[in-house]
Student: 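Starting off with a structure, shown below.
Each ligand, and each atom within it, is numbered from 1 in the order the structure gives. Remember, it's a predicted structure, so these values are computed and weren't measured experimentally.
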Amino acid sequence: MTRYEPIIGLEVHCQLNTRSKLFSPCSFAFGDPPNTHTDPYVWAMPGTLPVLNGHAVSLAIRLALATHSRIEPISRFARKHYFYPDLPKGYQISQADQPYCTGGYVDLPETADQPSKRVRLIRIHLEEDAGKNTHVTGRDFSLVDYNRAGVPLCEIVSEPDLRSAAEAVAYLRELRTIVRYLGICEANMEEGSLRCDANVSLRRHGATELGTRCEIKNLNSFKFLEAAIEAEVRRQTDLVERGEPIRQCTLSFDPQRDRTRVMRSKEEAADYRYLPDPDLPPLQIDQAWIADEQAHLPELPGARRARYAGLGLSSYDVSVLTNEPALAEFFDATIELGSEPKSACNWITVELLGRLNADSKTPAQSPVSPRDMHDLLDLLKRGTISGRVGKDVFQKMYLEGRRAQEIVEQDGLGQISDANVLRDLVAAVLADHPDQVAEFRQGKTKVRGFFVGQIMRRSRGQANPSVVNTVLDELLASP
Ligand code: ADP
Ligand code: MG
């Protein structure tokens with residue numbers, strides 16, 4: 001426990017999944033060969049002019065609505081100047097002092113490790129992405145790929161409300177879930193469609209003034225975000241404890257050494273020579289446009305979590321189901337067919353998800369449909385098959401594409417509920433274990449569980465457990 005608490009604010013960039021770029025009709029797709037998604041505007045050929053992509057604005061409006069933000073009726077684009085080969089124009093078009101969206105918040109759900117928490121947002125703005133430089137080690141040149149240049153981004157800037165690396169991760173996870181529910185961003189950190197910079201400072205517990213912040217750039221995984229913040233807190237704590245000042249700076253994280261490294265002292269806004277872009281008129285967003293986007297909003301993670309909790313699911317189940325929108329949709333489709341929520345949740349989060357994860361498949365690629373799942377749950381509910389047999393049936397459904405009913409009939413897996421049939425089976429088990437029977441009759445009732453196990457094994461899981469219990473009691477009672 002140190003005398004200082006970390007203060008953290010995140011700047012999160014999310015790539016909007018429009019078909020074309022923010023200011024030109026050029027296409028974009030991740031992973032294509034370098035420089036195959038470019039056009040004269042992207043190369044900054046003289047005479048080309050930007051035209052704003054209206055769909056990008058629509059997606060940005062949805063993000064603002066989902067984060068309870070204020071959408072400004074008028075906002076402006078500005079040129080942010082810097083010189084780097086990934087930026088052909090020599091400036092990036094961004095929004096500076098008049099962003100399209102201000103205020104708002106993201107509520108982090110309660111988990112086993114953390115209470116719920118509200119993280120306030122300063123702003124969200126629209127801007128274009130830059131290209132990507134690749135520095136070739138050992139060579140005297142670098143490569144640049146302009147596919148990403150001009151791709152629309154929303155930058156979401158939080159207030160410095162976060163107090164630990166774990167909280168920062170939880171916040172980024174929640175943002176990721178929100179943009180994926182909205183369907184506005186792939187939110188794949190490895191591919192760079194969701195990226196994050198972390199601002200970190202320290203302050204004495206109980207103090208109200210903020211300390212000097214340092215900004216760690218380009219954290220491209222949850223793991224690195226957490227490790228980088230922890231490393232930066234260590235670096236700043238060391239400085240403070242040695243009585244040295246903290247200087248505002250921009251850092252990078254070195255995962256190999258598990259430490260942050262100063263790249264440069266912090267540039268000031270004035271260094272960028274922001275100026276209003278004379279080629280773009282102000283962006284006007286009217287109420288009709290907002291209402292239209294509001295109508296496009298799906299159920300958001302918070303609302304879905306509350307609905308699932310209302311169905312009696314545990315907070316753990318709720319978090320597993322809602323984490324992945326496609327899994328929640330699978331669950332919804334299954335219960336709409338009439339399945340009981342708790343058992344649907346168990347089978348979907350344990351059997352189905354386990355299998356999908358093992359095969360690196362998404363719920364949308366599941367060979368078992370919600371209808372198939374509902375049929376299986378129905379057989380279980382009616383007692384046609386036991387839970388144990390259900391698991392085998394599920395595997396067969398998944399691998400062979402047969403329906404549950406078909407498998408049970410063709411493979412003779414129906415549950416044995418006939419007391420006469422089970423009586424023979426139970427009698428045989430007891431006859432094979434005379435010593436345990438004697439122990440039981442001497443009062444060691446614990447061996448009862450052993451008999452049940454043997455009976456279930458011998459019936460290949462098909463014996464109806466409640467009938468087994470009745471018959472077993474009956475036979476153990478009779479001398
Ligand atoms: P810049 O573009 O200069 O980085 P922004 O306003 O875009 O500035 O981002 C500032 C970010 O830094 C916000 O996320 C904010 O919460 C965070 N921040 C500001 N002051 C502090 C501080 N003292 N400690 C930690 N984070 C801070
Ligand atoms: Mg910044």
Student: Output the list of atoms in ligand 1 that are nearer than 4.0 Å to some heavy atom of Leu10, sorted by atom number.
Tutor: 14 (O)
Student: Between Glu128 and Lys89, is there a side-chain N and carboxylate O pair less than 4.0 Å apart?
Tutor: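 A salt bridge links Glu128 with Lys89.
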Student: Using distance alone, determine whether Ser201 and ligand 1 share an N or O pair under 3.5 Å.
Tutor: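 Min N/O separation from ligand 1 is below 3.5 Å for Ser201.
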Student: At a 4.0 Å threshold, what atoms of ligand 1 neighbour a non-hydrogen atom of Pro160?
Tutor: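 Close to Pro160: 16 (O), 26 (N), 27 (C).
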Student: Taking only heavy atoms of Glu159, which atoms of ligand 1 are found under 4.0 Å from at least one of them?
Tutor: 16 (O)
Student: From atom 16 (O) of ligand 1, work out which of Pro6, Gly211, Ser158, Ala198 has a heavy atom at the shortest distance.
Tutor: Ser158
Student: Within the 4.0 Å heavy-atom shell around Leu210, which atoms of ligand 1 are there?
Tutor: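 Ligand 1 atoms under the 4.0 Å threshold to Leu210: 23 (N).
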Student: By number and element, which atoms of ligand 1 are closer than 4.0 Å to a non-hydrogen atom of Gly9?
Tutor: 14 (O), 16 (O), 26 (N)
Student: Below 4.0 Å, non-hydrogen atoms only: which portion of Thr212 touches ligand 1? Side chain, backbone, both or neither.
Tutor: neither
Student: Could you say whether the N/O atoms of Ile122 and ligand 1 ever approach to under 3.5 Å?
Tutor: no
Student: If you look only at distance, which donor and acceptor atoms sit under 3.5 Å apart when one is on a side chain in residues 242-250 and the other is two or more places apart or in another chain?
Tutor:
from	atom 1	to	atom 2	distance (Å)
Arg242	NE	Glu244	OE2	3.3

Student: Going by the atom numbers of ligand 1, which of them fall below 4.0 Å from some non-hydrogen atom of Val157?
Tutor: 9 (O), 13 (C), 14 (O)
Student: Which pairs pass salt bridge (Lys or Arg N to Asp or Glu O under 4.0 Å) with one or both residues in residues 106-118, sequence neighbours excluded?
Tutor: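 As it turns out, the salt bridge (Lys or Arg N to Asp or Glu O under 4.0 Å) pairs with a partner in residues 106-118, which skip direct neighbours, are Asp107-Arg118, Lys117-Glu167.
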Student: Hey, would you say the Phe23 and Phe77 ring centroids sit under 6.0 Å apart?
Tutor: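 Aromatic pair counts; centres sit under 6.0 Å.
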Student: Taking heavy atoms and a distance under 4.0 Å, where does Glu215 meet ligand 1: side chain, backbone, both or neither?
Tutor: side chain
Student: Can you tell whether the side chains of Lys381 and Glu340 come within less than 4.0 Å, N to carboxylate O?
Tutor: no
Student: Would you call Arg304 and Asp332 a salt bridge, using N to O less than 4.0 angstrom?
Tutor: yes
Student: Can an N or O of Glu11 be found at a distance shorter than 3.5 Å from an N or O of ligand 1?
Tutor: yes
Student: Parallel under 30°, tilted from 30 to 60°, perpendicular over 60°: which one fits the rings of Tyr84 and Tyr82?
Tutor: tilted
Student: Does the separation of the ring centres of His68 and Tyr105 fall below 6.0 angstrom?
Tutor: yes
